[in-house]
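What follows is a set of notes on a single structure, which appears directly below.
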Amino acid sequence: MEIRDLTKRFPGVLALDAVNLCLERGSVHAICGENGAGKSTLMNLLMGIDSRDRGEILIDGRPVQFVNPKQALAAGISIIEQELNPVPEMTVAENMFLGRESTRFGLWVDARAAQEKARQILASLGIELNPRLKMKELSLAQIQLVEIGKALSYDSEILIMDEPTSAIAEKDADRLLDLVKSLRDQGKGILYVSHRMNEIFRVADTITVFRDGRCVSTQLASETNRPEVVSLMIGRKLEDEYTKNNRIQPEVALSVRGLSRGDDFHDISLEVHAGEIYGIFGLMGSGRSEFFDALFGVEPADEGEICLFGDRCEHRRPKDAMANGMALVTEDRKKSGLVLSSSVRDNVALPNLRQLSCGPLILEGREKDAVQRITDRFRLKTPSLRQIVSRLSGGNQQKVVLAKWLLRSPRILLLDEPTRGIDIGAKGEIYSFMSEYANEGHAILLISSELPEIIAMSDRILVFSNGRAVGECSQAEARQEELLRLASLSVHEGEVLHA
Amino acid sequence: MKKILTMGLASLATALILPFAPGGPRAEADEPYKIGAAVYGLKAEYMRLWTTALERHPDVVSGMVDVTVFDGRYDASVQQSQFETMATQGFDGIIFVPIDIEAGAAAVATASMRDIPVVGSNTRVNSNQLASYVGSNDVKSGRMEAESVLECMDGEGNVVIIEGPIGQSAQIERRKGNLEALEQYPAVEILEMKTANWSRAEALALMENWLSAYPDQIDGVIGQNDEMALGAIQAIEQAGLDVEDFCIAGIDGVTDAMLAVKEDKMVSILQDATAQAQGALDVLMARIVGPDYQPKATVWEEIPFDGGSEAVYNVPWVPITEQNVDALLEEREKLTTR
Amino acid sequence: MPENHSARRSEQSFAGGRHTLARLLSEYGILLAFLVLVVVLSFASEYFLRADNIINILRQTSINALLAIGMTFVILTGGIDLSVGSVLAFGGIVAASLASEAFGGGVVHPLVALAAGLGGGVLLGAINGLFIAKWRMPAFVVTLGMLSMGRGFTFIYSDGMPVPRIDERFLVIGQGTFLGIPFPVLILAFVFLVSWVILYKTRYGRYVYAVGGNEKSAQVSGVNTRWIIFSVYAISGFCAALAGIILTARTTAGLPQAGQAYELDAIAAVVIGGTSLSGGRGTLTGTLIGALLIGVIGNGLDLLGVSSYYQQVIKGAIIIVAVLLDSFRKRD
């Protein structure tokens, strides 16, 4: 496949500017760039979702023009999207063959055949998953794998993968990367879009860097290195990805004793000091996010106690936790972090309205000043505070979530996957913010599935497995392999992926 | 108020339970006759009065007849299934007030298959299996009300007509009567003719708009029922005009309309609910019991009973005048207090 | 080369211009449609723009606009209230019965009757809210149930008869004027103003939008989401009862069958006004314009002597176009 001089203009921005790209059979071509660099636009043009203003796309030397994804699929291009779109009430097999169900005599759907086919495809991915399970019963990682299976089921010659590992844990990512390699060896052409440098360098043959809608470099992976690619992406030299220079103080900020809730987690105890960044590592479904929910009163714990700066606290509702100086940046910003249909101002002000109003009335002047101040601190890129947040990039959305909680100056900050799906530039800013904030004497609890991140940022790390705390280590002791081993301990039988 | 509420609940309970009560062919002669009254709907004042009058019939009061009222909820298919219920429960006879002239024939056929006599009341039904019909001629009332408006206008000027829901038999026939009367007065022009669906609120808005569109041009308002005529009166009063300058008529004789007649705001023609309901029961009983049956309704003082054998009994319309309004209101009072 | 360049630019500016037009249409399309309609009607009928006709339109619109304002609160949270027509009748009949000499006990002060009618509406709305907020039942089902029950209560209470002979002082609510402006219009203006302040100037209003936009997110941000959901149905009940009282005072009788199918016009006004049925997006001003648009169509077609059947077709078409515009806005 070859792309020549592809150009697309959206009002106000040149989303793609004369891009040239060449994808050969049997190779993996990585595309990296920050959010807004034009990667998504390129995908949309390739799949026929948007129409191009100029340029051409050639497959096997023949120019093609798709007006919808169906045509692209027919021509042998399939895509695995970053945003998963499963139909929760349908089964795995139904989802995989949605829109092209095989029928008997052209009448009723042949469910059995579809299930058999789905089983085969998943098995070829090394996944054992009952195709009759409903999508809503699967974990995020399993859903991602089903989506990959779905894309493979088209027998496409060209596969586009858009951040395929953003939602899944390291170990599953490994399996996915192996799969990418084996697909390449089968002679398929793969366009691999990702932020994660280590992944890119593991699978890619060629690396193309996008910035501001332009293709700034295309190099063989063997001829470049990680710092060079990163600096090409952000357009300047990145000193160090992780910033960390917080000092731990003797005072205990948060102490949790014997916290349990139903089947989600049991008997969790920990102590976090002021000025400390305390990491919590665990696989999907290990109970780590549920633990945060209980600390914050979203779904209160059944037993155990929480003490903040020595005082025992009862958190029945988020309001209680907020009053005690706690803030929670949730795992999924779209599901529980933001009101996507509202403006930046409304989102940032939402948990702070009591402080910003007089009686029932909001003091708009004060509100505007406060929101402006905190968004400036995070260097939020938005045309105005009235901008609807769904139109911001992932990194900027995450900054809005941080801003809305930081406006309260919480003493204890709970961060659940704060850097998921955002670009490297924004990540660096969030890391340096964490370090700075801890240094002001606040405590931070950090959940992350990214091992390098959690090891680099945490003073101590607690490992969750199957709802229990299975081990704690200091930053100096932490090793990726050891953390993974702890996290995979005593995984119960039903968990297919890690069996 | 409490009393009314409990009474209401009691009648609701009756309506709910009775259709499911076990029934069967009447074994003994001294058991009460089971009569069903299938009416199109109990939401309008007129059908409430009709039902009350039926329940006040001397035979019902004496216990000789047991009446069950079925609310058709303005739906022909609901009425059809109610007929099926009555047929299986072995009712002795049915009084039928259909939602529409064309929509009741199948229901009547259901009953006649089981040899249950059906007498129509108030609204006619297009069926040759109907034993008899006791009602009032809507063409005639339409003519009467239009004539009273036109006479009041001295035979010249402009009128507007507020119609019932288009396609319902009462609207079709009353319009026919309206137009028959208007033909006699060539100097009168019809400015507008539009539906307000028997609704006072809709007629109010419609008349307000007409008063804007035809300032100082409307002399008469023909409402095909009282509710709509009352809506027109409200519009005129709220526009700051004098109702005395308009000639307004309605049909039915609802309580509010009687009060308006008393204040000389409009003319209304009473559709005699008592005569229709009690007369229909008399005719039905004559079919069941035979020629020995003695009719009890007062309407037979005005029209001949003939042993209940006629196919159609036309209950006369009663124009409400300042002279008879007090007596009629008193009678109404009796019918509405329980 | 220079020609080529300039050609490209003009193409771009054309594309840009088209986009702006589309955005303008989706943002202000309904206002535009409303203004066009007003201009057309003012040419078609010399009476349309006369003061008394404008007052007519406002007075006729007041009932639907009040329902639609309450409905806006509900729809902004992502709910729906199908029971407003029945609650209107219930509130109207309760107030009428207390202000009537023909019904039950003696006549109480009209303000007491007014308060009782409003209380009845709030009560029914609160029952809706309780089931929806506390027991997490779908609003569509609960309010559909209340649509039937509310009408039933009304008939039980009034025994199916209209309530005539209402105290003159009570009728002022529907028939009185102040400086030539009818009371129903003044009441509407007041309710609109208060609602506007609540929605745009108070915490409560922000919470309503947040709950509709993302309930989970609002909950995590410390918002008492159940209280917000419960209260919007009580507000809708209040607005419906107020509309019922005005209708009663305008028709001089408490009519148990009043307000049937009014919920459809109220929902239509909200949707035409650009409020998203999935919640979180929409404006109160849009709702008012939506209600006025429906009112003006009815009035205009009456003035021109057009059959009411066309009115229904036109109203339906506008609803569909409004939702179409909304979907464009979403895609943007």
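Model, not experiment: these values are computed from the prediction. By convention in this document, chain letters (A, B, ...) are assigned in the order of the sequence lines, proteins followed by strands, and residues within each chain are numbered from 1.
- Using non-hydrogen atoms only and a strict 4.5 Å limit, the part of residues 401-408 of chain A facing chain C consists of K404(A), W405(A).
- L340(A) CG to R281(C) CZ: the interatomic distance, rounded to the nearest 0.5 Å, is 11.5 Å.
- When heavy atoms are compared at a cutoff of 4.5 Å, S390(A) does not approach chain C at all.
- I362(A) places none of its side-chain heavy atoms less than 4.5 Å from the side chain of Y200(C).
- Side-chain atoms of K319(A) and Q219(C), non-hydrogen and from C-beta on, never get closer than 4.5 Å to each other.
- Heavy atoms of V223(C) lying under 4.5 Å from chain A belong exclusively to its side chain.
- Checking side-chain atoms of N214(C) against main-chain N and O of K334(A) turns up a donor-acceptor pair under 3.5 Å.
- Side-chain contact between V197(C) and L361(A): present, with at least one pair of heavy atoms (C-beta onward) separated by less than 4.5 Å.
- In terms of heavy-atom pairs under 4.5 Å with chain C, the best-connected choice from S342(A), G297(A), P318(A) is P318(A).
- Heavy atoms of other residues, nucleotides or ligands lying less than 6.0 angstrom from CZ of R386(A) number 12 at most.
- Each of G222(C), S221(C), G279(C), G205(C) has some count of heavy-atom pairs under 4.5 Å with chain A, and the biggest count is that of S221(C).
- Residues S357(A) and R203(C) bring a donor and an acceptor atom of their side chains to less than 3.5 Å of each other.
- The NZ atom of K216(C) sits 14.5 Å away from the CG atom of L338(A) when rounded to the nearest 0.5 Å.
- Neither the backbone nor the side chain of E299(A) comes within less than 4.5 Å of any heavy atom in chain C.
- Around CZ of F131(C), the count of heavy atoms belonging to other residues, nucleotides or ligands within 6.0 Å does not exceed 12.
- Among all heavy-atom pairs drawn from G213(C) and S341(A), the shortest one is CA-OG, 3.6 Å.
- In summary, E215(C) and K335(A) do not engage in a salt bridge, as defined by a charged side-chain N under 4.0 Å from a carboxylate O.
- Side-chain contact between E364(A) and K201(C): present, with at least one pair of heavy atoms (C-beta onward) separated by less than 4.5 Å.
- In this structure, the side chain of S217(C) engages the main chain of G337(A) through a donor-acceptor pair within 3.5 Å.
- Neither the backbone nor the side chain of A327(A) comes within less than 4.5 Å of any heavy atom in chain C.
- The two atoms that bring Y209(C) and V339(A) nearest to each other are O-CG1, 4.3 Å, heavy atoms only.
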